[in-house]
Protein chains: 2
Amino acid sequence: MGSPAVREPQQDRSRATRQRLLEAAVECLAERGFAGSTVTVVAERAGVSRGAAQHHFPTREELFLAAVRYVSEVRMQEIGRQAATLGAGSRRTEALMELLADLYTGQLFRAALHLWVAAAAEPQMREAIVSLEAELGREAHRAVIRMLGVPDTPGVRETVQATLDLLRGLGLGNLLTDDSARRAGIVRQWARMLDSTLPKS
Amino acid sequence: MGSPAVREPQQDRSRATRQRLLEAAVECLAERGFAGSTVTVVAERAGVSRGAAQHHFPTREELFLAAVRYVSEVRMQEIGRQAATLGAGSRRTEALMELLADLYTGQLFRAALHLWVAAAAEPQMREAIVSLEAELGREAHRAVIRMLGVPDTPGVRETVQATLDLLRGLGLGNLLTDDSARRAGIVRQWARMLDSTLPKS
């Protein structure tokens with residue numbers, strides 16, 4: 001019972017610290033932008049010392065990349081679970097689009113947007129962000145294909161990609177104002193267009 | 001022949017200086033982001049003294065707001081002229097979408113994106129940028145309605161709004177990489193969906 005029992009809580013604590021840092025990093029980015037989000041600010045929000053933060057994430061870039069990747073995985077899993085509870089009725093596509101629109105107008109999208117735009121002006125961050133963007137794009141594509149219950153065939157593929165671009169546009173439209181009234185009508189119309197375009201599952 | 005003839009060229013010169021500053025401001029924002037775009041940098045690129053730049057635009061915010069508004073008007077007029085030369089055949093919607101996608105993946109969108117994202121983290125710029133965003137959004141909506149030759153009725157309105165959000169998403173997708181291959185398929189599919197959704201003009 002000795003050593004493993006001691007190691008276990010330490011590992012748990014370390015994992016919990018890491019997760020607090022990642023969640024705090026996304027919150028900071030979303031609220032303050034990249035320039036206002038230093039490791040010190042994130043560590044403070046997470047209730048962790050600057051030294052502990054740097055132990056987990058030696059550079060600021062590593063912290064923010066890991067943060068967007070981690071929170072993205074968590075949110076996509078949540079949406080997958082919510083989608084599984086939706087019925088198969090005629091409102092299913094619209095309900096799915098609402099779930100996705102909530103994701104793309106939330107804190108995670110806002111954080112990612114600040115990171116992408118910072119990378120556009122900072123060449124040393126660019127390569128890592130481009131890989132992360134491609135990885136998250138592929139995961140989002142697979143998740144939407146799965147939730148809509150359609151095959152990933154030509155035509156469908158482009159419609160799903162268009163859906164993801166529309167969602168990014170809705171996210172951008174919600175950056176400076178509460179765009180929810182305009183968005184509701186677009187989501188409804190988009191669901192109609194998807195239902196008449198996609199093969200029946 | 002005296003005073004008016006002298007004043008005329010001065011007014012022309014002043015207008016030309018102003019336009020050079022506005023074009024340079026959009027180029028700077030697109031390339032360097034908001035933090036890297038000071039009035040000094042813009043004046044230098046435009047070949048204008050810092051004093052002359054401040055005579056035209058007393059604050060940095062005024063310069064960038066006027067720049068995005070001016071370049072946006074110029075580009076929308078260009079697109080309107082190009083759209084007028086397109087035939088009425090079955091490829092018209094796709095050709096229109098390509099014109100619009102070129103606009104939303106170009107320098108102007110990139111500049112506007114940097115300005116919007118900066119405003120999200122800088123409360124004192126926010127109000128003016130929100131007004132500008134709303135104004136440009138209304139103009140883009142009217143322009144797309146006109147180019148597609150459709151009535152601005154319920155259903156059509158939301159489809160056109162979705163088109164503008166999709167275009168914003170495509171612009172964002174082109175921020176860090178050349179996204180043109182993926183985009184071509186989406187634009188084609190979107191044009192098909194528009195043709196089967198919108199009333200025939």
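Reminder, nothing fancy here: chain letters follow the sequence lines and each chain counts from 1.
- Minimum heavy-atom separation, A/L96 to A/L148: CD1-CD2, 3.9 Å.
- Between B/A112 and B/V68 the shortest heavy-atom distance is CB-CG1, 4.2 Å.
- Listed options B/V130, B/L167, B/V187 were ranked by heavy-atom pairs under 4.5 angstrom with chain A; first place goes to B/V130.
- Taking 4.5 Å as the limit, every side-chain heavy atom of A/L86 sits out of range of all side-chain heavy atoms of A/M147.
- Across A/L172, A/L176, A/V117, A/I186, the residue that shares the most heavy-atom pairs under 4.5 angstrom with chain B is A/L176.
- Residues in residues 11-42 of chain B take part in these ring pair (Phe, Tyr, Trp, His ring centres under 6.0 Å) pairs, two or more places apart or across chains: B/F34-B/F64.
- For the residue pair A/L164 and A/A140, the shortest heavy atom distance occurs at CD2-CB, 3.9 Å.
- Of all non-hydrogen atoms in A/C28 and A/V41, the two that sit nearest each other are SG-CG1, 3.6 Å.
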Just by distance, which donor-acceptor pairs between chain B and chain A come in under 3.5 Å?
residue: B/R126; atom: NH2; partner: A/L176; partner atom: O; Å: 3.3
residue: B/G155; atom: O; partner: A/Q189; partner atom: NE2; Å: 3.4
residue: B/T159; atom: OG1; partner: A/Q189; partner atom: NE2; Å: 2.7
residue: B/Q161; atom: OE1; partner: A/R182; partner atom: NH1; Å: 2.5
residue: B/D165; atom: OD1; partner: A/R182; partner atom: NH2; Å: 2.9
residue: B/D165; atom: OD2; partner: A/R182; partner atom: NH1; Å: 3.0
residue: B/D165; atom: OD2; partner: A/R182; partner atom: NH2; Å: 3.0
residue: B/L176; atom: O; partner: A/R126; partner atom: NH2; Å: 3.3
residue: B/R182; atom: NH1; partner: A/Q161; partner atom: OE1; Å: 2.5
residue: B/R182; atom: NH1; partner: A/D165; partner atom: OD2; Å: 2.9
residue: B/R182; atom: NH2; partner: A/D165; partner atom: OD1; Å: 2.9
residue: B/R182; atom: NH2; partner: A/D165; partner atom: OD2; Å: 3.0
residue: B/Q189; atom: NE2; partner: A/G155; partner atom: O; Å: 3.4
residue: B/Q189; atom: NE2; partner: A/T159; partner atom: OG1; Å: 2.7

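- With chain B as the partner, the residue from A/G33, A/G36, A/A120 showing the most heavy-atom pairs under 4.5 Å is A/A120.
- For the atom pair CG of B/L108 and CG of B/L113, the computed distance is 11.0 Å after rounding to the nearest 0.5 Å.
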